[in-house]
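Each chain gets a letter, A, B and so on, in the order the sequences are listed, and its residues count up from 1. These values consider heavy atoms only, across backbone and side chains, with no hydrogens, waters or symmetry-generated copies. Since the model is a prediction, treat every value here as computed from it, not as a measurement.
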Number of protein chains: 2
Amino acid sequence: MNSDLTLSSLRDKGHKITNVRKEVVGMFSQADKPLTAQELHKALKTIGLSVNKTTVYRELQFLTDQGYLVEVHLNPKETSYESTDLMHHHHLICETCGKIDNVTNCLAKELEEDVLKKKGFEIARRSLEFYGTCADCSKKS
Amino acid sequence: MNSDLTLSSLRDKGHKITNVRKEVVGMFSQADKPLTAQELHKALKTIGLSVNKTTVYRELQFLTDQGYLVEVHLNPKETSYESTDLMHHHHLICETCGKIDNVTNCLAKELEEDVLKKKGFEIARRSLEFYGTCADCSKKS
DNA sequence: ATTAATTCGCAAATGTCTTGCATATTGTAT
DNA sequence: ATACAATATGCAAGACATTTGCGAATTAAT
């Protein structure tokens, strides 16, 4: 399990630092929510780095293979990614405004132990999402 | 939130009972894991009901709109569906053999209360998946 | 049996994501 | 600085799930 999504970490492992890689890494470090290929592609264009979508896909594939990112399946249309560093948190997805908040509380310890004991299932990673209505949207309605 | 995925329930609400609907409902009642459009399409063909994929998609859409099914995003390639009746359980997805097991233990009560209290987020539904290695695959390796 | 509403099949299209291949770029050794 | 090997990039083409329009077929109730 590879954490530490930084340029120096990548360099240390002998990976090349390209413009795209530099920016994508930066975006994931700052991101407070999972990002999709489309979002990254648009963001890159915005900062004047017009890169091909294929390259974005390959970069995501690369960072995922290297263990820096994990896939998150929040919606059926496209795959989102987030830094492995953030893996032990959960998402609050507002179905009204689409906002994504995080819960860092790492629960489920008991349940996980149960699962291993009763089922013999070894958990490598988990995905916990809550779908509902955020505070702001609740107020408005 | 509509439960009770049965033909009588559908009839009572004035929906037509077609051959496809009948079989699809039956398959979801018996299913012990989430099903995809492709799986249903193949299963229907197997029992001699060669139906168009579009129809399968529309049937899933229909049953979801009516609240009988929920979408489950287990993998990036396609959407799975399961009966709303089963919503309060979680999935164990073996990344080696692909088998999907269930945990009916409904945890997360505490965390959910936390989330409502601290964030004001009202949870409508949740999705909890554990990815790892099932007992059988553990043994083999 | 007639009819209105719904469903179905077919064809076409959308959008995400993948792949092959030729070219360009990066890091390193010289 | 230069040349080389490995890797990254762009472009075109394609795979696949999913959606939509429309005319034909089926369902349920009169």
Side-chain angles (χ1 to χ4, degrees), chain A residues 6-28 34-45 47-81, chain B residues 6-27 34-45 47-66 68-82 98:
Chain A
T6 60
L7 294 181
S8 20
S9 166
L10 283 161
R11 234 185 308 262
D12 289 352
K13 298 203 169 180
H15 298 126
K16 300 189 173 173
I17 309 298
T18 65
N19 289 332
V20 177
R21 185 156 298 161
K22 202 183 308 176
E23 297 301 337
V24 168
V25 166
M27 284 168 181
F28 273 109
L35 302 174
T36 67
Q38 316 302 322
E39 289 170 335
L40 287 166
H41 182 247
K42 186 186 288 183
L44 290 170
K45 180 179 283 180
I47 63 170
L49 222 175
S50 286
V51 68
N52 194 282
K53 271 188 187 171
T54 303
T55 302
V56 177
Y57 281 114
R58 282 198 268 234
E59 191 57 34
L60 289 169
Q61 186 70 62
F62 170 83
L63 292 172
T64 302
D65 287 347
Q66 298 301 322
Y68 292 104
L69 299 181
V70 283
E71 294 186 350
V72 191
H73 310 309
L74 301 182
N75 71 71
K77 298 294 183 192
E78 52 187 342
T79 303
S80 302
Y81 297 79
Chain B
T6 60
L7 294 180
S8 20
S9 166
L10 283 163
R11 235 186 307 262
D12 290 350
K13 297 203 171 183
H15 299 123
K16 300 190 173 175
I17 309 299
T18 66
N19 288 332
V20 177
R21 183 157 298 163
K22 204 184 305 176
E23 297 302 338
V24 168
V25 166
M27 285 167 181
L35 303 173
T36 67
Q38 317 300 323
E39 288 170 336
L40 286 166
H41 183 246
K42 186 186 288 182
L44 289 170
K45 180 179 284 179
I47 63 171
L49 222 175
S50 286
V51 67
N52 193 282
K53 271 188 186 172
T54 303
T55 303
V56 177
Y57 281 112
R58 282 198 268 234
E59 191 58 34
L60 289 169
Q61 185 71 63
F62 170 81
L63 292 173
T64 302
D65 287 348
Q66 298 300 321
Y68 291 105
L69 299 181
V70 283
E71 294 186 350
V72 190
H73 310 310
L74 300 182
N75 71 71
K77 297 293 183 192
E78 51 187 344
T79 302
S80 302
Y81 295 80
E82 70 183 3

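You'll find a donor-acceptor pair under 3.5 Å spanning the side chain of B:Arg58 and the base of C:dG9, going by distance alone. Remark: the B:Lys16 side chain and the C:dA5 base include a donor-acceptor N/O pair separated by less than 3.5 Å.
Atoms CG (A:Asn75) and P (C:dT16) sit 10 Å apart, rounded to a whole Å. In this structure, A:Asn19 atom CG and C:dT25 atom P are separated by 10 Å, rounded to whole Å. Counting to the nearest Å, the P atom of C:dT16 and the CG atom of A:Leu40 are 13 Å from each other. Atoms NE2 (A:His41) and C1' (D:dT9) sit 12 Å apart, rounded to a whole Å. A:Phe62 has its CZ atom 10 Å from the P atom of D:dT9, to the nearest Å. Summarising the geometry, the separation between NZ on B:Lys22 and P on D:dT27 is reported as 8 Å, rounded to the nearest angstrom. B:Glu71 places its CD atom 16 Å from the P atom of D:dA17, with the value rounded to the nearest Å. Residue A:Lys53 contributes atom NZ, which lies 17 Å from atom C1' of C:dT19 at whole-angstrom precision.
In this structure, B:His41 contributes its side chain and B:Asn52 its backbone to no donor-acceptor pair below 3.5 Å. At least one donor-acceptor pair closer than 3.5 Å links the side chain of B:Asn75 to the backbone N or O of B:Glu78. Not a single donor-acceptor pair under 3.5 Å links the side chain of A:Arg11 to the backbone N or O of A:Ile17.
Checking the phosphate oxygens (OP1, OP2) of C:dC8, a side-chain nitrogen or oxygen of B:Thr18 falls inside 4.0 Å. Distances shorter than 4.0 Å separate none of the side-chain N or O atoms of A:Asn52 from OP1 or OP2 on D:dT9. Considering only side-chain N and O atoms, B:Gln38 lies under 4.0 angstrom from the phosphate OP1 or OP2 of D:dT18. Applying the 4.0 Å criterion to OP1 and OP2 of D:dT19, one finds that B:Tyr57 has every side-chain N and O outside that range. Within the structure, a side-chain polar atom (N or O) of A:Thr79 is placed less than 4.0 Å from OP1 or OP2 of C:dC17. Residue B:Thr55 has a polar side-chain atom (N or O) positioned under 4.0 Å from OP1 or OP2 of C:dG9.
Considering only side-chain atoms of B:Lys77, the nucleotide from C:dC8, D:dT9, C:dC17 that sits closest is C:dC17. If you check D:dT18, C:dC10, D:dA12 against the side chain of B:Ala37, the one that comes closest is D:dT18.
The heavy-atom pair separating A:Leu60 from A:Leu40 by the smallest distance is CD2-CD1, 3.6 Å.
Side-chain contact, A:Gln61 with A:Asp65: a donor N or O sits under 3.5 Å from an acceptor N or O.
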